[in-house]
Protein chains: 2
Amino acid sequence: MMRRRSPTAEDVARLAGVSRTTVSLVLNGVSDARIRPETRQRVLEAAARLNYRPHAGARHLVRGRSEVIAFVMRQTPDQVFADAFLPEVLRGLSDVLREANLHLLLFPLAPDRAPEETIRLLQERRVDGMVLSGPRFEDREWLERWGQETPVVLLGHLANSALPSVDVDNGQAAAMATRHLLRLGHRRVGLITNAPLSYTASYERWLGYRQALEEAGLPYDEALVAFGAFTPASGAAAMEQLLKLPDPPTAVFVASDVVAFGALQVIRRHGLRVPQDLALVGFDDVPLSAYLDPPLTTVHLPAEDLGRAAGQLLLQWIQEGRPPTSTIRLATGLVIRQSCGAGGGA
Amino acid sequence: MMRRRSPTAEDVARLAGVSRTTVSLVLNGVSDARIRPETRQRVLEAAARLNYRPHAGARHLVRGRSEVIAFVMRQTPDQVFADAFLPEVLRGLSDVLREANLHLLLFPLAPDRAPEETIRLLQERRVDGMVLSGPRFEDREWLERWGQETPVVLLGHLANSALPSVDVDNGQAAAMATRHLLRLGHRRVGLITNAPLSYTASYERWLGYRQALEEAGLPYDEALVAFGAFTPASGAAAMEQLLKLPDPPTAVFVASDVVAFGALQVIRRHGLRVPQDLALVGFDDVPLSAYLDPPLTTVHLPAEDLGRAAGQLLLQWIQEGRPPTSTIRLATGLVIRQSCGAGGGA
DNA sequence: CAGTGATGATAACACGTGTTAGCAAGCGAT
DNA sequence: ATCGCTTGCTAACACGTGTTATCATCACTG
């Protein structure tokens, strides 16, 4: 299996009868270089004939840019369910990057793993920047140091971090979902969180829920709040807890669709009907929530837009050479299906 | 914002009081180089102190290897649903790659897009190899040329291709699912495909279905076969078609969970009950199929293992310098839940 | 006709690393 | 003392590109 050397700029130069410098000038379209149209043509033809492409490594070395950005995922395998919309985020991000001729390096980093491997990506200059998805509190330390030298954008967010970030407005969204249930007449509205409150997103959704109650003049009742943790199983356990109450809620806002799946299963096992006996609203709008029975009313998370926005922020930083001050909060919308009892359609 | 130059091997050499060559020899652990333990120590300390990491681009240039492999996804946004287990595949793959110190470049390539951009990855030597997920018939042409020079492994497969590939045994799996329904006493077993038969996987599952019928001495009835195409909506339409039959099936094998979601919805709308009135078996075992009502009996697709196997094949090729002849077919298993009527559990 | 610019191209350097050939010093043997 | 061999290290080249300073040619001007 003879592996023939791939053509270099030198080969193109030889074929076109010019110097390598000229080839470079032509192919990079250097504007203030005076090249006779005729020679330019000869170079272009030679390059086309040889199917020449500049060596990425050589370019990286001399230009100082790898033209690659990393997408670092801080999710545990437990949360694999929560990855339901990872493909969408990636699609949005890669679309934006492709337009700027950047490539996407995928780098999973389990939360129990030290960040060294990620930092190495930067030290080796393997990437020109990164999107950190699901940043954790411990990450603040190294981010502060490296976010100075390299463009880093957070997907999700981190308290007290100056880094640009993209996220949904969790508080507003949770309040909207809760208000919806209140408006339907429910007075005892429960909450099942998507994760422990140490997670920012979880905490914000909890705040939104409280705010909606307050607006409606209802007291915050600790007994009506149960804690989920990413998985359907955790949702099932949380719902069991709520149903055991002497005076159980008539509606529950579950701050994660996936957690809601488990909750719904438990409700069925108890012989209760949704939404007649218990109304439910979820969060995320994962692709399949429309196909549950009943279809789940939920807060739509604009996953693709999140990816796109993160990409744009990163590009802006790279191009302008300094971090954008903007922090993007994308709006969400309530997708009304049947689980809440305000019955869209059938 | 002064951006200080990151340390080079030259800096390490200066600090340790040796030449750059020595630094390279020590840091790469070249075994037949005679270095006094004391100097080795000095070099290591200097490197540690400066936090030195070799520049990825420079290394790429001189070694001829980028230490990156590409994961090329040939899925349409339509099939975004089918991406349900993409995260798992990626996890398996990236695990294997990480152990070999390789990185993962994600490259979506919609089917309507020309392959040039992907080929460019190889021409620029940006990647050392690639995994092509969901290869399409049109890809044979360029794969034949480039699969000689660069390691390429197929995830899914392609008729008449000599490239190593990883896939599940679709025929066997479909036959198993169909046999299960037959064994439960059903005589009129329908099929809803996951995609048009022009897709290899779809075709093979169709063959498996036929084979199981034949074994049971049942005729193949064209009327009992409807065609889905990736989405729940297509499954809904297909199921409508089957239910309109004068003598509808009592059981249906749906060759995709996601398509089955749509089918199930239609069944409910018709007021029929699963599995009492109509038994259902799916395919893929996407994460959420266990949370449907009723939980879906389905063929488990070992997504993470698929990714892992593809990675291993690729590594083998890269390390040994020639393509492995092996083609891997992973076994599947039937996950019996409740939609088939053989009722696991509750 | 000498001087001045513009035009069109190139030689030479830089980027940061891996690797080969070779050099100096030390040591034992003749 | 000289030769040869080992030990420990380094100078020099290669990888393929972008970029700057320079050079030759020619046209135009005073």
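Quick note: numbers below take in every heavy atom, side chains included, and nothing from hydrogens, waters or symmetry partners.
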Sub-6.0 Å ring centroid separation between B:H55 and A:H60 = yes
Any N or O donor-acceptor pair linking the side chain of A:T39 to the base of C:dA9 at under 3.5 Å?
-> no
Is there side-chain contact between A:L132 and A:V153, with heavy atoms separated by less than 4.5 Å?
-> no
When we call it a touch if two heavy atoms are under 4.0 Å apart, what does A:L61 touch: a base, just sugar-phosphate, or nothing?
-> base
Any chance you could lay out the salt bridge (charged side-chain N to carboxylate O under 4.0 Å, His left out) test for A:E67 and B:R126, step after step, and finish with the verdict?
-> CA-CA 10 Å; A:E67 298 177 309; B:R126 195 177 284 282; 3.1 Å; yes
How do A:R34 and B:T8 order along DNA chain C: which one's closest nucleotide is nearer the 5' end?
-> A:R34
Have a look at A:S6 and tell me which of B:E149, B:Q123, B:R125 forms a side-chain hydrogen bond (donor to acceptor under 3.5 Å, both in side chains) with it.
-> B:R125
Indicate whether the side chain of A:T21 and that of A:S24 have a donor and an acceptor atom separated by less than 3.5 Å.
-> no
Kindly indicate whether the side chain of B:H157, heavy atoms from C-beta on, has any atom under 4.5 Å from the side chain of B:P135.
-> no
Step-by-step salt bridge (charged side-chain N to carboxylate O under 4.0 Å, His left out) determination, A:R98 to B:E117 = CA-CA 10 Å; A:R98 177 170 307 200; B:E117 295 176 273; 3.3 Å; yes
Remember a base hit wins even if backbone is also touched, and classify A:R59 as base, sugar-phosphate or nothing at under 4.0 Å, heavy atoms.
-> sugar-phosphate
Min side-chain heavy-atom separation A:L306-A:L155 under 4.5 Å = yes
Walking along DNA chain D from 5' to 3', note the first and the last nucleotide with an atom under 4.0 Å from a heavy atom of chain B, and give both.
-> D:dG8 to D:dG16
Can you tell me how far P of C:dT10 sits from CZ of A:R36, to the nearest Å?
-> 10 Å
Near-strand residues of residues 22-31 of chain B, defined as heavy-atom separation under 4.0 angstrom from DNA chain C | B:S24, B:N28
Which residue, B:V131, B:L97, B:V127, forms the side-chain contact (heavy atoms from CB on, under 4.5 Å) with B:F71?
-> B:V131
Report all interatomic pairs (protein N or O, nucleotide N or O of nucleotides 26-28 of chain C) with separations under 3.5 Å.
none

Think A:R74 forms a cation-pi with A:F107, using NZ or CZ under 6.0 Å from the six-ring centre and within 45 degrees of its axis?
-> no
Side-chain heavy-atom pair A:W146, A:V152 within 4.5 angstrom cut-off = no
5' priority, DNA chain D, between A:Y52 and B:P37 [closest heavy atom] | B:P37
